[in-house]
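In listed order, ligands and their atoms are each counted from 1.
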Amino acid sequence: MEFTQKHWAVVGGGILGMQLANRLAQQGQQVTILEAGPALGGLTAGWNAGELAWDKFYHVILLSDTALRGLLREIGLEKETRWVETKTGFYTDGELHSMSDTLEFLRFPPLSLIDKLRLGFTIFYASKARNWKRLEGIYVADWLKRLSGERAFDKIWLPLLRAKLGESYRQTSAAFIWATIQRMYAARRTGLKKEMFGYVEGGYARILDGFARHLRAQGVRACTGFRASRVVSNDRGEVIVEDEHGNRSVFDQAILTVPSPVAARLCEGLSAEEAEKHRKIEYLGVACASLFLKKSLSPFYVTNITDQSPFTGVIEMTNIVPASRFNGHALVYLPKYAKSSDPIFRMSNEEIKTGFWKSLKAMYGKLAEEDLAGFRVARAPHVFALPTIGYSGKLPPVSTSLPGVHILNSTHIVNGTLNVNETLLLADRELPGILQAGRQQQYNNITINQSPQNQ
Ligand SMILES: Cc1cc2nc3c(=O)[nH]c(=O)nc-3n(C[C@H](O)[C@H](O)[C@H](O)COP(=O)(O)OP(=O)(O)OC[C@H]3O[C@@H](n4cnc5c(N)ncnc54)[C@H](O)[C@@H]3O)c2cc1C
């Protein structure tokens with residue numbers, strides 16, 4: 001059955017919402033994006049800290065991000081990508097170590113040769129393993145301790161897990177580390193010798209600008225500052241989206257890309273089972289400080305931290321993007337991943353600044369008070385769903401029991417890590433099913449409207 005042109009609402013204008021709008025428009029559909037923020041982009045959006053501007057959260061592109069590179073080509077920005085080889089540091093027992101190549105790894109003092117061999121074997125084994133479903137049944141900490149040993153777990157794996165999962169690593173399955181290692185090795189699998197990190201000149205602000213222009217050229221409308229507060233279906237099979245001021249818009253279909261707890265709150269008419277599935281997803285959020293410093297901290301893009309610290313890693317963006325872009329300042333991000341119930345989400349910016357700055361100065365002795373040229377904190381309480389034990393069996397359906405309403409978000413990334421490339425792949429993978437459900441509903445509406453009692 002042919003699908004005639006319909007008017008779609010895409011609620012949530014992050015990368016996922018933008019890509020769904022892009023693909024729907026390319027299929028001849030009419031699309032309106034409803035986004036709560038002041039601009040499109042969600043987690044990839046940019047901001048200013050003082051007079052300097054960059055992404056709110058640190059973002060890099062991998063050589064193996066083929067879907068993202070395809071999008072950059074589509075919007076005319078692939079040639080604007082700059083590629084850089086980066087170094088990684090480890091801050092352990094009060095000292096900063098480089099761990100950027102095999103030789104440095106072999107010299108890394110906190111581990112014995114046996115520890116290192118076991119660690120190397122774990123990475124090799126995970127890069128070759130294919131049965132991620134089996135790994136969903138094992139806690140990541142148990143799996144890594146068994147393969148690498150207690151010491152390598154404490155000195156290497158634990159800081160890496162904490163850097164991305166906070167204390168929630170305890171509930172996470174081994175599928176998480178499998179997906180992370182698979183992403184690290186993706187470049188090699190696609191025939192590239194090594195992985196490099198890239199960025200587009202101008203950062204994500206430039207990508208979002210190009211993407212938004214591309215959408216406008218295809219007739220996609222974007223309503224920013226529209227915070228949806230209710231989504232319902234009426235008896236004609238239409239979807240009504242209401243904002244927090246009570247303004248209502250009517251659509252034929254709606255796709256919500258907002259986090260699951262928000263989607264469950266907006267769609268009051270979901271079945272109890274669907275609503276429960278959304279509410280039960282355990283999310284991890286992030287509070288992430290952006291600092292502009294008058295001097296560089298280290299040559300490392302990422303520094304993993306083994307010692308106790310209020311932040312879970314140090315990301316020095318200006319080891320990828322030249323500092324000349326920021327008047328010679330170093331741009332450093334200090335993320336702390338935590339559940340939305342963590343006190344960090346209730347702390348004031350000043351409290352976070354005091355704690356983070358004190359710890360950073362203790363780690364890097366050369367920092368003085370006057371080196372801090374800018375400080376700002378971004379918070380996102382719902383960033384990604386924790387890959388808990390048996391996660392893929394707990395997913396809510398994409399097309400819901402509410403006619404015309406679909407909920408698709410990062411919870412539906414099952415055997416991958418959260419990143420823009422996976423997000424774009426998710427849109428392309430799920431859209432055919434969404435269109436099919438929409439077609440079926442159009443057919444049902446015609447059948448209802450043509451039934452004798454409606455004539
Ligand atoms: C600290 C950090 C570092 C990262 N680093 C990288 C990296 O290096 N490389 C990489 O590829 N990826 C990275 N990512 C991941 C990347 O940012 C995400 O994969 C991607 O942005 C997810 O897009 P999304 O559209 O699914 O979600 P979001 O960006 O969260 O979009 C959801 C949108 O819904 C909107 N919304 C919420 N509620 C409502 C409502 N009621 N009404 C209307 N709109 C609403 C929000 O404002 C938001 O715009 C990073 C993420 C973080 C947090």
Side-chain angles (χ1 to χ4, degrees), residues 9-22 32-46 55-62 64-69 71-72 86 163-164 183 186 197-200 203-204 207-208 211 222-231 241-244 247 249 254-267 283-290 301-302 311-313 315 317 320 333-338 377-385 407-413 416-427 430:
V10 173
V11 182
I15 291 291
L16 180 57
M18 292 173 84
Q19 180 67 342
L20 287 167
N22 188 25
T32 301
I33 301 177
L34 304 170
E35 164 57 41
L40 296 181
L43 295 171
T44 59
D55 308 349
K56 226 184 252 191
F57 299 106
Y58 49 94
H59 280 84
V60 287
I61 304 166
L62 303 196
S64 51
D65 284 347
T66 47
L68 173 52
R69 294 178 67 188
L71 174 69
L72 293 177
T86 58
K164 265 294 186 221
R183 180 160 161 81
F197 287 169
Y199 69 98
V200 166
Y204 256 90
I207 300 177
L208 292 173
F211 201 177
C223 299
T224 52
F226 185 107
R227 184 171 295 279
S229 65
R230 202 159 159 255
V231 178
V241 185
E242 202 173 295
D243 77 359
E244 54 193 344
N247 301 313
S249 305
I255 312 178
L256 281 72
T257 67
V258 300
S260 275
V262 180
R265 185 161 40 79
L266 298 186
C267 303
Y283 268 88
L284 215 61
V286 70
C288 184
S290 302
Y301 169 61
V302 178
F311 38 84
T312 46
I315 317 294
M317 197 51 152
I320 295 187
Y333 291 94
L334 303 177
K336 176 177 166 99
Y337 286 88
V377 185
R379 295 174 184 78
H382 299 112
V383 174
F384 65 96
I407 302 173
L408 179 68
N409 57 32
S410 59
T411 60
H412 295 98
I413 297 174
T417 54
L418 180 83
N419 56 68
V420 170
N421 195 62
E422 282 288 350
T423 305
L424 296 170
L425 291 171
L426 178 69
E430 295 295 335

Quiz item: Touching ligand 1 at all, Thr44? Heavy atoms, strictly under 4.0 Å?
Solution: yes
Exercise. Within a distance under 4.0 Å of any heavy atom of Val383, pick out the atoms of ligand 1 and give their elements.
Key: 53 (C)
Quiz item: Under 4.0 Å from any heavy atom of Leu34, which atoms of ligand 1 are there?
Solution: 43 (C), 44 (N)
Exercise. Classify the contact between Ala36 and ligand 1 as side chain, backbone, both or neither, using a heavy-atom distance cut-off of under 4.0 Å.
Key: both
Quiz item: Polar-atom distance check: Val420 versus ligand 1, any N or O pair below 3.5 Å?
Solution: yes
Quiz item: Taking all non-hydrogen atoms of both residues, which atom of Tyr58 and which atom of Pro335 are closest, and how far apart?
Solution: OH-CG, 3.6 Å
Self-check item: Shortest reach to atom 4 (C) of ligand 1 by a heavy atom, considering only Phe384, Tyr337, Tyr58, Phe226
Solution: Tyr58
Exercise. Identify the heavy atoms of Leu418 and Ser410 that sit nearest to each other, and give their distance.
Key: CD1-CB, 3.5 Å
Practice problem: Report yes if some N/O of Val60 lies less than 3.5 Å from some N/O of ligand 1; otherwise report no. | Solution: yes
Quiz item: Do any nitrogen or oxygen atoms of Ala228 lie less than 3.5 angstrom from nitrogen or oxygen atoms of ligand 1?
Solution: yes
Quiz prompt | Atom pair CG/CG of Leu426 and Leu408 - distance to nearest 0.5 Å | solution = 4.5 Å
Practice problem: Could you list the atoms of ligand 1 found under 4.0 angstrom from a heavy atom of Gly14? | Solution: 25 (O), 29 (O), 31 (O), 33 (C), 49 (O)
Practice problem: Compare all side-chain heavy atoms of Glu244 with those of Phe226 and state whether any distance is below 4.5 angstrom. | Solution: no
Self-check item: Positive for side chain to side chain contact (heavy atoms under 4.5 Å, CB included) with Val11, one of Thr257, Leu34, Thr32
Solution: Leu34
Self-check item: Within-cutoff protein neighbour (heavy atom, under 4.0 Å) for atom 27 (O) of ligand 1
Solution: no
Exercise. Please identify which atoms of ligand 1 are closer than 4.0 Å to at least one heavy atom of Arg227.
Key: 41 (N), 42 (N)
Quiz item: What are the atoms of ligand 1, with element, lying closer than 4.0 Å to any heavy atom of Gly12?
Solution: 33 (C), 34 (O), 35 (C), 44 (N)
Quiz prompt | Polar proximity ligand 1 side, Leu16 side, N/O cut 3.5 Å exclusive | solution = yes
Exercise. Would you mind telling me if ligand 1 is within reach of the side chain of Thr423, the backbone, both or neither, using heavy atoms under 4.0 Å?
Key: side chain
Quiz prompt | NE2-CG distance between His382 and Asn409, expressed to the nearest 0.5 angstrom | solution = 10.5 Å
Self-check item: N/O separation below 3.5 Å, Ile15 to ligand 1
Solution: yes
Quiz prompt | CG-CD1 distance between Leu68 and Ile207, expressed to the nearest 0.5 angstrom | solution = 6.0 Å
Self-check item: Closest non-hydrogen atom pair between Tyr333 and Asp55, with its separation
Solution: OH-O, 2.5 Å
Exercise. Taking only heavy atoms of Leu418 into account, list the atoms of ligand 1 that are under 4.0 Å away from them.
Key: 15 (C), 19 (O)
Quiz item: What atoms of ligand 1 come within less than 4.0 Å of a heavy atom belonging to Gly42?
Solution: 29 (O), 48 (C), 49 (O)
Quiz item: Does the N or O separation between Leu43 and ligand 1 drop below 3.5 Å for any pair?
Solution: yes
